[in-house]
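Heads up: the structure comes next, in C-alpha cells.
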Amino acid sequence: LKIKYHRSEVIFIGFTQAEKERKANMMNCKLGELPVKYLGIPVSDRMLGIGAFQGLSCRMMKRLDPWKGKFMSSGGKLILTNSCLTNLPMYTMGFYMLPKGSHAKMDFIRSKFFWQGAGDTFKYHMAKWISMCKPKIHGGLGIINTYLMNQCLITKWIWKIEKGSNELWYRILKAKYLKKGGFYSSTSVGSSQFWRSLHKVKHLFKWGAEYNVHKGDRVSFWHDSWTGGVPLKLQFSNIFAICQNPEAVVSKNWNNGEWDIPLRRSLIGESLREWGELHELLQRVQVDGQGEDQVYCALEKSRVYSTK
C-alpha cells in the first residue's frame with residue numbers, strides 16, 4: 001500500500017499560512033482547512049456553530065424529494081417521520097449538543113412534511129409541534145423530540161465515564177480531563193466542544209443516578225444520592241446550610257471508621273433534631289474502601305441508563 005498524495009489533503013494547526021503552503025507543496029498534497037468531516041462528524045479546533053450542522057437539515061430535505069406524500073395517510077407520514085427523518089441526526093447528536101437553531105430547522109422540516117407532505121401546497125398545522133412530540137399516553141403522537149434526545153445521548157457519555165472502561169476512548173478522556181478524579185471533579189474551561197456539551201447536561205445525569213459507596217472518593221456527600229434514596233442536602237437541609245464543606249466527597253467525612261461532619265456553628269432547635277436523624281441514617285452505611293464506587297440508574301428497572 002502507498003499513499004496517493006495527489007488525492008490527499010494535509011491540515012496544519014499552529015503554522016502561518018506561508019508555512020502551511022510550503023509544507024503542503026513539499027508533500028505534494030492539497031492544503032485542507034478545518035472544519036472537516038470524519039465519518040460524517042464535523043471536526044474542528046474551534047467551536048462549531050449552526051452552519052457546521054447545516055448538512056443535517058439538507059440531508060432531511062434530500063430524503064423528502066422522492067416522498068410525494070400527496071396520497072400518503074397521516075399514519076404513514078408519522079412512521080416515515082420517526083423512522084427516517086428523525087434518525088438522520090442521531091449519530092451527530094451522540095457527539096455534540098446541537099445549537100437550538102439546528103433543532104428548530106429540523107423541527108420545521110419534519111412538521112412541514114407531516115402536515116403538507118413533500119409538496120409546496122400550504123396546509124394549516126393543526127397542533128403545536130411540541131404537543132405532537134409528547135408520548136401517546138400524554139396525548140401526543142410519540143414523535144421524538146430531537147432536543148431532548150440530544151440531551152439524553154450526551155448524558156449517556158457521562159454514564160459511560162462514571163462506569164469506567166478499559167477502552168481507548170476512556171483512557172484518552174481520563175488522561176486529558178479526569179486528572180483530579182471523576183467527571184464531576186473536571187472542568188469545561190479550555191476544553192473541547194464535546195466535553196463542554198457533557199458539562200451542559202451534567203445536571204440531568206444526577207436526576208436518576210444512585211451510588212453504591214466503597215472508597216467514597218468520587219461521590220459527593222451532600223449532592224449525590226447514595227443513602228436514603230435522595231441527596232442528603234434535601235433530607236437534612238438545616239445541617240447542609242451550616243456544614244463547613246458543602247462540596248465534600250463521602251471519604252472526606254469518614255475518618256478512622258467514624259463519620260466526622262464539621263459544622264460552622266453549634267446546633268439548636270430543628271438542626272439538632274436533624275443532626276440526630278442524620279447520624280442514625282449514616283450508622284447503616286460504612287465506607288469499606290474496597291473497589292471503586294458504583295453508579296446505577298434508579299429510573300430504569302434494569303438499573304442501566306437508557307435513552308429510550
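Trp259 contributes atom CH2, which lies 9.5 Å from atom CD of Gln283 (distance to the nearest 0.5 angstrom). The structure places CZ of Arg22 at 9.0 Å from CZ of Phe12, a figure rounded to the nearest 0.5 Å. Here Ile261 contributes atom CD1 and Asn253 contributes atom CG; the two are 5.5 Å apart, rounded to the nearest 0.5 Å. We find the CE-SG distance between Met61 and Cys58 to be 8.5 Å, quoted to the nearest 0.5 Å. To the nearest 0.5 Å, atom CG of residue Asp45 and atom CD of residue Gln193 are 11.5 Å apart. Atom CG of residue Leu148 and atom NE2 of residue His103 lie 9.0 Å apart, to the nearest 0.5 angstrom.
Scanning both residues, Gly208 and Leu299, for their nearest heavy atoms gives CA-CG, 3.7 Å. Here the shortest heavy-atom pairing between Glu274 and Ser237 reads OE1-N, 3.5 Å. Between Lys20 and Phe15 the shortest heavy-atom distance is CE-O, 3.3 Å. Residues Ala298 and Arg303 come closest through the heavy atom pair CA-NH1, 4.2 Å. Shown here for Ser197 and Ile154, the closest heavy-atom pair between the two residues is O-CG2, 3.6 Å. In this structure, Ala209 and Ser225 approach most closely via the heavy-atom pair O-CB, 3.6 Å.
The environment of Lys134 atom NZ is sparse: at most 12 non-hydrogen atoms of other residues, nucleotides or ligands sit within 6.0 angstrom. Counting non-hydrogen atoms of other residues, nucleotides and ligands closer than 6.0 Å to CD of Gln244 gives a total above 12. In this structure, Met47 places its CE atom where more than 12 heavy-atom neighbours from other residues, nucleotides or ligands lie under 6.0 Å away. More than 12 heavy-atom neighbours from other residues, nucleotides or ligands sit within 6.0 angstrom of CZ on Arg264. Within a 6.0 Å radius of CZ in Phe194, more than 12 heavy atoms belonging to other residues, nucleotides or ligands are found. When the shell of 6.0 Å around CD of Gln17 is examined, it contains more than 12 heavy atoms from other residues, nucleotides or ligands. Heavy-atom contacts from other residues, nucleotides or ligands closer than 6.0 Å to CD of Glu33 number 12 or fewer.
Looking only at side-chain heavy atoms (C-beta outward), Phe113 and Arg63 stay at 4.5 Å or farther from each other. Considering only heavy atoms from C-beta on, Leu281 comes within 4.5 Å of Leu232 through its side chain. Side-chain contact between Asp107 and Tyr147 is absent, with no heavy-atom pair separated by less than 4.5 Å. Residues Thr81 and Leu141 are not in side-chain contact: their nearest non-hydrogen atoms beyond the backbone lie 4.5 Å or more apart. The shortest side-chain heavy-atom distance between Ser271 and Ile239 falls under the 4.5 Å cut-off. You'll find the side chain of Val250 stays beyond 4.5 Å of the side chain of Val285, heavy atoms only. Put simply, the side chain of Asp224 does not reach to within 4.5 Å of the side chain of Val249, judged on heavy atoms. Counting heavy atoms from C-beta outward, Cys243 and Trp222 have side chains that approach closer than 4.5 Å.
The backbone N or O of Val230 sits less than 3.5 Å from a side-chain atom of Gln235, completing a donor-acceptor pair. Put simply, the side chain of Asp293 never gets that close to the backbone of Val213: no donor and acceptor are under 3.5 Å apart. When atom types are taken as modelled, the side chain of Asn82 and the backbone of Ile144 share a donor-acceptor pair closer than 3.5 angstrom. A donor-acceptor pair under 3.5 Å is absent between the side-chain atoms of Trp275 and the main chain of Leu267, judged by distance alone. The main-chain N or O of Met93 is found under 3.5 Å from a side-chain atom of Asn150 such that the two form a donor-acceptor pair. A donor-acceptor pair under 3.5 Å is absent between the side-chain atoms of Asp260 and the main chain of Trp254, judged by distance alone.
A centroid separation of 6.0 Å or more is found between the aromatic rings of Phe236 and His279. Between Trp226 and Phe221, the gap from one ring centroid to the other is short of 6.0 Å.
Put simply, Phe95 and Leu34 are part of the same group of oily side chains (I, L, V, M, F, W, Y) that touch within less than 4.5 Å, one to the next. Under the 4.5 Å side-chain heavy-atom criterion for grouping Ile, Leu, Val, Met, Phe, Trp and Tyr, Trp207 is connected to Ile158 within one hydrophobic cluster. Hydrophobic clustering places Leu88 together with Ile41 (ILVMFWY residues linked when any side-chain heavy atoms are closer than 4.5 Å, directly or through intermediates). A continuous path of ILVMFWY side-chain contacts below 4.5 Å connects Val43 to Trp169, so both sit in one hydrophobic cluster. Tracing side-chain contacts under 4.5 Å through hydrophobic residues (I, L, V, M, F, W, Y), one reaches Met90 starting from Leu80; they form part of the same cluster.
Under a cutoff of 6.0 Å and an axis angle of 45°, Lys160 and Trp157 form a cation-pi pair. Relative to the six-membered ring of Tyr184, Lys206 meets both conditions, a distance below 6.0 Å and an angle of at most 45° to the axis.
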- Query: Could you walk me through whether Gln116 and His125 pass the side chain to side chain contact (heavy atoms under 4.5 Å, CB included) check?
  - Reply: CA-CA 8 Å; Gln116 63 188 64; His125 296 197; 4.1 Å; yes
- Query: What do the steps show when you test Tyr305 against Val295 for side chain to side chain contact (heavy atoms under 4.5 Å, CB included), and what is the final call?
  - Reply: CA-CA 10 Å; Tyr305 180 88; Val295 62; over 6 Å; no
- Item | Residue pair Met60, Lys105: steps toward the side chain to side chain contact (heavy atoms under 4.5 Å, CB included) verdict | CA-CA 10 Å; Met60 281 190 175; Lys105 180 63 175 177; over 6 Å; no
- Task: Take Ser8 and Ile3, measure what side chain to side chain contact (heavy atoms under 4.5 Å, CB included) needs, and give me the verdict at the end.
- Result: CA-CA 8 Å; Ser8 302; Ile3 300 174; 3.9 Å; yes
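Listed by first and then second residue, the side chain to side chain donor-acceptor pair (under 3.5 Å) pairs involving residues 83-98 are Thr86-Arg110 (not counting sequence neighbours). Contacts classified as side chain to side chain donor-acceptor pair (under 3.5 Å) and involving residues 172-183 (residues at least two apart or in different chains) are given here: Tyr177-Ser192.
For Tyr124, the ring-ring contact (aromatic ring centres under 6.0 Å, His included) test picks out Phe122, with sequence neighbours left out.
In this pair, Trp159 and Phe205 present their aromatic rings tilted. The plane angle is within the 30 to 60° band.
Applying the side-chain contact (heavy atoms from CB on, under 4.5 Å) test between Thr155 and each of Thr307, Val201, Leu198 identifies Val201 as the sole match.
There is no side-chain donor-acceptor pair under 3.5 Å between Glu270 and Asn238.
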